[in-house]
Every structure is written in structure tokens, then in C-alpha cells.
Amino acid sequence: MPLGCDELKIKAAFCIIGATRGTGLLIAQQLLERGSNVRVVVRDPGKARRLLGNRAEVRRGDVTDARSMRDALAEDYRAIFFTVAATGGVDGRALFGSQTQIREVTYQGLLNVVDAARSSGFQGRITLASVVGADRSSLMLSILNTIKSGLQRNLMERELYLRASGLDYTIVRAPILTSAPAGQTNVRITPAVNRLTAGPKMSRGDLARVMILASEQAAASRKTFDLLAERGVTPSAQQLLNQLEQIPADTEPQ
């Protein structure tokens, strides 16, 4: 008996672009732990296989190469996660790196993914990791913009491009991230009205958890929201969903 549209969507893979470090790797690991079908698109397939074993399908792709994105995203996906960050510079994290290279990865890279998804007829949701206060001035964002030249412009413009793309999306703005274990703070979902500060910081594992939830819930469709971390008990999935339902959908781009 042929599968219905909902059943086909459930069997389709989650696609993580940028899955060999940080939040993207944690998204892949959390999805695999629950038995989901996962495909990762990475520049270094060997590294991805060492990290994820044979549990995930690995595709080679570079977000700065539009053709490689079209090839990697030619199949159907349940959701696409964009968690790519520029590398190089000081400490391998693009600190004081080339402004052109940072823009090619953080801005043009997202555009290449969106364009490839549209051309393939993608019907799922793109979930984008962003930064709290991306469209607001703050001391912390000014510092980040200095050490990662042009970062704020890239964050703002890629959010605008995704919203105007016609695709379903969720933009998750996170505070400063750490590698601390997940589940140790009270994570709150709020409207995207906050400025970036030095703290409290959030575990990348908690961000990964919320991004996965947002990729699956109708309540996250076409929304941009902030994540904040506070002392307290980590919320259940239902509690996070209840918060998510209170966030208004983004206004339609003019």
C-alpha cells in the first residue's frame, strides 16, 4: 500500500549542514540517539564518519559552492538544519579572520542552501541557528562584530533572505554558547526582543534540543525567537512547546 504524504515525511531524513562540530554535531547525535534517519552534509566526510560512525548518511558539500549544495539537497528531507560557522583565523573559529571568507560562509552559504532547497522543491522546514539581538546594538555584539568582521550584517541579512524565501523556516537566536552538558539550566523561549549580553550562557546541547523541537512542531513555523538560560530546572518538551506557542509568527516581508 503506498505511503501517504505524512508517512513519507516521517521517513524522510533530517539534514544537518555543518555536523562535525558544535551545535550541528549535537543535533546529529541527538537525532541518532532517538533513532531518526539522519543525513549530514560536510566538507570533510572522513571526519563525519569518525564522529558519527555508520549511523548517519554522509554527503560531501561546501556551503560556499552552490553546485555542491544543489547536489546534496536534491532529495527530499524532513527538515534542514543550518549550523555552519566560518573557520580559520585565530583558534580556528574565524576570530579576526577574513571578512570576505566570513561572509561567504555565514551569509552566502545560507543563501546557497535556501536556493538549492527551493530548486529541489523542498517542502520541509529550514531551521537556522542565529544570535540573540542580531538586529540590535549591544556591547557584546559589537565585540563579536570586531573579532568576526561583518558578523552582524551577515546575521541580519541572512535572516531577511530566509524570511523572504517562501520556504517554511524557524530562526532560533541563542545567547553565548558553552560546551557544558545539556539539561542543567532553565531554558526559556521568548520573543526576539533581547540584546546579547555576556551571560547567562547556554549549553550547545540545549540549543540543539530546541532546534530539533522547532523543526518538527507546527507552532514554530515562520517564527523567530530568542533562547535565554536561567538557573532552575530544565523544561520538558511540552513546557518548551507551550512557550513556543506563545511566540507570534513573523510578519510577512514587504
For Gln238, all residues meeting side-chain contact (heavy atoms from CB on, under 4.5 Å), sequence neighbours excluded = Ser236, Leu241, Asn242
For Ser130 and Glu159, run side chain to side chain donor-acceptor pair (under 3.5 Å): C-alpha distance rounded to whole Å, both residues' side-chain angles, the deciding distance at 0.1 Å, then the answer.
-> CA-CA 8 Å; Ser130 191; Glu159 287 189 7; 2.6 Å; yes
Report the residues that fulfil side-chain contact (heavy atoms from CB on, under 4.5 Å) with Arg34, sequence neighbours left out, ordered by chain and then residue number.
-> Phe14, Leu31, Ser36, Ile212, Glu216
Asn194 and Thr190: side-chain donor and acceptor closer than 3.5 Å?
-> yes
Which side-chain hydrogen bond (donor to acceptor under 3.5 Å, both in side chains) pairs, counting each pair once, include a residue from residues 63-74, with sequence neighbours left out?
-> Asp62-Thr64
With sequence neighbours left out, write down each residue that passes side-chain hydrogen bond (donor to acceptor under 3.5 Å, both in side chains) with Thr224, or none if nothing qualifies.
-> Arg163, Asp250
Any side-chain donor paired with an acceptor under 3.5 Å for Asn37 and Tyr77?
-> no
Does the pair Arg204 and Ser179 meet the rule for a side chain to side chain donor-acceptor pair (under 3.5 Å), with working shown?
-> CA-CA 6 Å; Arg204 290 181 177 86; Ser179 297; 3.1 Å; yes
Sub-3.5 Å donor-acceptor pair from the side chain of Gln152 to the main-chain atoms of Ala134, do we have one?
-> yes
Partners of Glu157 by side-chain hydrogen bond (donor to acceptor under 3.5 Å, both in side chains), sequence neighbours excluded?
-> Arg103, Arg153
side-chain hydrogen bond (donor to acceptor under 3.5 Å, both in side chains) partners for Glu57, two or more places apart = Arg39, Arg59
State plainly whether one hydrophobic cluster holds both Leu228 and Leu196, where clusters connect Ile, Leu, Val, Met, Phe, Trp and Tyr through side-chain heavy atoms under 4.5 angstrom apart.
-> no
How about Arg60: does its CZ atom have over 12 heavy atoms from other parts shown lying under 6.0 Å from it?
-> no
Taking only Lys NZ, Arg NE, NH1 and NH2, and the carboxylate oxygens of Asp or Glu, determine whether Asp206 and Arg209 approach each other closer than 4.0 Å.
-> no
